[in-house]
2 protein chains.
Amino acid sequence: MAKSSNELLEALKSAGFRMTPQRTAICYVLSQRFDHPTAQSIYEQVRAEHPSLSLTTVYQTLDSLLKIGAITSLGNAGDDTIHFEVNTDPHINLACLTCHRICDLRSEAIHALEKEVQQAVGSKVLSGRVVYYSECLEKSNPLECTYHPSVNQEVVHG
Amino acid sequence: MAKSSNELLEALKSAGFRMTPQRTAICYVLSQRFDHPTAQSIYEQVRAEHPSLSLTTVYQTLDSLLKIGAITSLGNAGDDTIHFEVNTDPHINLACLTCHRICDLRSEAIHALEKEVQQAVGSKVLSGRVVYYSECLEKSNPLECTYHPSVNQEVVHG
DNA sequence: TCCTACCTTGTAATGATTACAATATAACAA
DNA sequence: TTGTTATATTGTAATCATTACAAGGTAGGA
Ligand SMILES: [Mn+2]
Ligand SMILES: [Mn+2]
Ligand SMILES: [Zn+2]
Ligand SMILES: [Zn+2]
């Protein structure tokens, strides 16, 4: 359910933004990651192929994507750093306060909940955050991610 | 459903924290406010009666209350400032991105949603944030607050 | 190919939050 | 009540994610 790289790029393009190698790379990385990455974390990954990339560009691109609603901001996960949401389908996010990783949890109730919000504020709802904080069970047994179980293997606790 | 001043103080006391005039005043202000105040905003209000109060003390007290779970953090509301939650009953929060005020919305679906979270992560759920971002309808007609409609009158947009 | 408005980059500024150390005081016991 | 001590408060300095800025680079249309 996460947006593809092309969907993100197309969203930028049709909003009047130019196509650049940096934006292309950033959108690609965004589309590949299901851990709700931070700007710094995206920066480090993209820099591997674009050594001249500036952190400012990452922030600027994320801000553009936010403004057109292609992604949203989930706030922090116990670190003091903004985590970005690429999956705009309604769901619950589970954040681990130890490893600061966030994973998705499928939800049935979320649809009824969003209906309640719509009824209360009408069409003015811009975005939402549904985040629950917890701890991974074990160092070797992090929070289960019902959307992308594979990312569960990458966690390393301090 | 918000905690009373005494409940907050009692929570601190039984957690081994000392009673001080500053903490008493901060807890009182917290119990009276339904707008999910920031540290700065609490500071300004308490300072009216305790002119020597330090902003650091407000942060420290809020941190203590957070640690014992008496309050939670809702994150920011478009400003870059943490808003605190005194009402720990399950509910939806509506944040206005213009005036950065947050109000509560009663919800039926939230109970089913929290049940889903419990089943997924067990007893390890520490706290949650359910926040939807919107805009007040009019300068004179802010977001309706189903818990405390009276606070709706205090909003001033820029 | 040329133009120009938009983008990227490096660096500096911002501002909420936290760290620190000196002073004050709540809580407990004598 | 008084003394003791661990904890709290305060003022100031440091932190650090994010934003602002200005100079040079480039996408995209003519
Ligand atoms: Mn998510
Ligand atoms: Mn609330
Ligand atoms: Zn973890
Ligand atoms: Zn408003």
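No experiment lies behind these values; they were computed from the predicted model shown. Below, chains carry the letters A, B, ... as their sequence lines are ordered, and counting in each starts from 1.
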Q: Would you kindly check whether a donor in the side chain of A:Thr56 faces an acceptor in the base of C:dT11, or vice versa, at under 3.5 angstrom?
A: yes

(Q) So if I take every side-chain heavy atom of B:Tyr59 and compare against C:dA16, D:dA27, C:dA26, which nucleotide ends up nearest? (A) C:dA16

Q. Tell me: CD1 of A:Ile82 to P of C:dT17, nearest whole Å?
A. 12 Å

Q.
Donor-acceptor pair, distance only, cut-off 3.5 Å: does the side chain of A:Arg129 make one with the backbone of A:Ser73?
A. yes

Q.
Once you apply a heavy-atom cut-off of 4.0 Å, does A:Gln60 come out as touching a base, just sugar-phosphate, or nothing?
A. sugar-phosphate

**Q.** Rounded distance in Å - CG (A:Leu9) to P (C:dC7)
**A.** 14 Å

Q: Write down the distance between OH (A:Tyr43) and C1' (C:dG10), rounded to a whole number of angstrom.
A: 10 Å

Q | Closest non-hydrogen atom pair between A:Tyr132 and B:Gly128, with its separation | A | CD2-CA, 3.6 Å

Q: Under the side-chain contact (heavy atoms from CB on, under 4.5 Å) rule, what do B:Tyr43 and B:Ile26 come out as? Steps first, then yes or no, please.
A: CA-CA 8 Å; B:Tyr43 171 61; B:Ile26 291 167; over 6 Å; no

Q: Establish, with yes or no, whether the OP1 or OP2 oxygen of C:dT25 is under 4.0 angstrom from a side-chain nitrogen or oxygen of B:Gln22.
A: no

Q: Hey, which sits more toward the 5' end of DNA chain C by its nearest nucleotide, A:Thr61 or B:Lys13?
A: A:Thr61

Q) Base, sugar-phosphate alone, or nothing: which one does B:Thr20 contact when heavy atoms must sit under 4.0 Å apart? A) sugar-phosphate

**Q.** A:Arg23 CZ - D:dG28 P separation (whole Å)
**A.** 10 Å

Q: Tell me which of B:Arg18 and B:Thr57 sits closer to the 5' end of DNA chain D, going by the nucleotide each one is nearest to.
A: B:Arg18

Q. If only side-chain N and O atoms of A:Ser52 are considered, is one of them under 4.0 Å from the OP1 or OP2 phosphate oxygen of C:dT8?
A. no

Q: For A:Ile42 and D:dA17, give me the distance from atom CD1 to atom C1', rounded to whole Å.
A: 14 Å

**Q.** Interatomic distance, B:Asp63 CG vs C:dA16 C1' [rounded to whole Å]
**A.** 14 Å

Q.
Looking at B:Gln32, I want to see if its CD is surrounded by more than 12 non-hydrogen atoms of other residues, nucleotides or ligands under 6.0 Å.
A. yes

**Q.** Atom-pair distance (CG on A:Asp80; P on C:dT18), nearest Å
**A.** 6 Å

Q) Please give, in whole Å, the distance from C:dT18 C1' to A:Asp79 CG? A) 15 Å

Q | More than 12 heavy atoms from other groups under 6.0 Å of CD on A:Glu49 | A | no

